[in-house]
Amino acid sequence: DGWSGEPFEPWIEGGKLYARGASDDKGQFYCHVAGARAHLRAHGTLPVNLIFLIEGEEEANTGKFDEYVRQNAAKLACDAVVVSDGPMFGEKSPALTYSLRGLCYMEYTVTGPDRDLHSGVMGGIVQNPANALCAMVASLKDEKGRISVEGFYDGVAEVAQWERKMWEGLPFDAKAAAKGIDAELFGEEGFSWLERLWARPTLDVNGIFGGWTGEGSKTIIPSSAT
């Protein structure tokens, strides 16, 4: 809904070429296909066997992709995996993504009384689940952006010196990045912006609701680690 073009048909508007999902991530898929095709045209054969595994259910997350991979492990066996989904540093800076932070996704539900309570009748003598939930979320990080969960940083790989030197040479503009999202940048103290973005684990709330919704107070907290 809301799209002005067809899913697989590009269009020109205002002198620019548009295509649905081109950056996330049909464009990346097509780069692999086009690269293999160009090599075949030039040399007639490929130096290695290639398997293209393309799926479009990332946002829907039906579980079919995981199921397929498990059921076809032998068929998909390989020496290396190249993932298409990944950001570019900038329009004029080609990038090679050599590592990704993992992801752990959790949902917590905080409940209290077995029914809705009137604040004028019971307020002050019963713990409010939404208040308790907010206190829990607030305790996850300190004022310096460091995650307070015990053991959270166990096993986190340190940034290698060659990585730090390489990233320091990139023209990252913190002011421009902040202006682009209309917000101030914030992160773990003691690390550069790119170290925070690419190497340090994060812990963020993706959604929170409660109170009059009738579904209890909930928060969804995904955490990623190197």
Side-chain angles (χ1 to χ4, degrees), residues 19 21-35 52-61 65-66 69 78-108 137-208 219-226:
S23 63
D24 189 10
D25 49 358
K26 291 177 187 156
Q28 290 91 319
F29 285 148
Y30 185 70
C31 282
H32 296 314
V33 176
F52 290 93
L53 180 58
I54 301 174
E55 59 87 27
E57 289 193 332
E58 177 187 0
E59 310 303 341
N61 191 25
F65 179 77
D66 292 349
V69 171
C78 57
D79 298 313
V81 175
V82 178
V83 180
S84 299
D85 190 6
M88 298 293 290
F89 180 77
E91 293 183 3
K92 298 181 180 180
S93 300
L96 176 64
T97 300
Y98 58 88
S99 180
L100 295 172
R101 294 182 290 188
L103 179 67
C104 181
Y105 195 79
M106 294 165 282
E107 180 174 326
Y108 291 94
V137 172
S139 72
L140 295 176
K141 290 183 178 180
D142 62 22
E143 66 279 0
K144 296 182 178 180
R146 184 171 177 82
I147 297 164
S148 304
V149 179
E150 184 178 353
F152 190 87
Y153 291 101
D154 292 352
V156 174
E158 296 293 334
V159 179
Q161 188 59 36
W162 66 268
E163 291 176 306
R164 184 173 287 108
K165 183 178 180 180
M166 178 174 61
W167 297 347
E168 288 175 351
L170 292 173
F172 180 76
D173 189 335
K175 291 184 178 180
K179 184 177 180 180
I181 59 174
D182 194 24
E184 291 186 11
L185 299 187
F186 174 78
E188 185 183 3
E189 192 174 278
F191 297 90
S192 70
W193 294 117
L194 292 182
E195 287 175 331
R196 297 168 184 173
L197 182 64
W198 292 343
R200 298 297 292 169
T202 66
L203 194 157
D204 296 287
V205 176
N206 268 16
I208 182 171
T219 183
I220 299 173
I221 305 174
S223 62
S224 60
T226 53

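For reference, positions follow the sequence shown, starting with 1.
Counting only distance, with no hydrogens or angles, the side chain of K141 and the backbone of L203 share a donor-acceptor pair below 3.5 Å.
When every heavy atom of S139 is checked against every heavy atom of S148, the shortest pair comes out as O-CB, 3.4 Å. The shortest heavy-atom contact between P201 and I147 is O-CD1, 3.9 Å. Here the closest heavy-atom approach between residue W193 and residue G187 is recorded as CZ3-N, 4.2 Å. Here the closest heavy-atom approach between residue H32 and residue F52 is recorded as CB-CE2, 3.6 Å.
At a threshold of 4.5 Å between non-hydrogen side-chain atoms, the residues E195 and R164 count as touching. No side-chain heavy atom of E184 sits under 4.5 Å from any side-chain heavy atom of F186. The side-chain heavy atoms of W198 and S99, taken from C-beta on, include no pair separated by under 4.5 Å. Side-chain contact check for R196 versus L185: every heavy-atom pair is 4.5 Å or farther apart.
For the atom pair L197 CG and F172 CZ, the distance stands at 6.5 Å (nearest 0.5 Å). Atom CG of residue L53 and atom CZ of residue F29 lie 8.5 Å apart, to the nearest 0.5 angstrom. Taking CZ from F152 and CZ from R146, the interatomic distance works out to 10.0 Å, rounded to the nearest 0.5 Å.
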message = With side chain to side chain contact (heavy atoms under 4.5 Å, CB included) as the criterion, how do Q28 and V83 come out once you've worked through the C-alpha distance, each side chain's angles and the decisive distance to 0.1 Å?
response = CA-CA 9 Å; Q28 290 91 319; V83 180; over 6 Å; no
Side chain to side chain contact (heavy atoms under 4.5 Å, CB included) between I54 and K26, intermediate numbers included = CA-CA 9 Å; I54 301 174; K26 291 177 187 156; over 6 Å; no
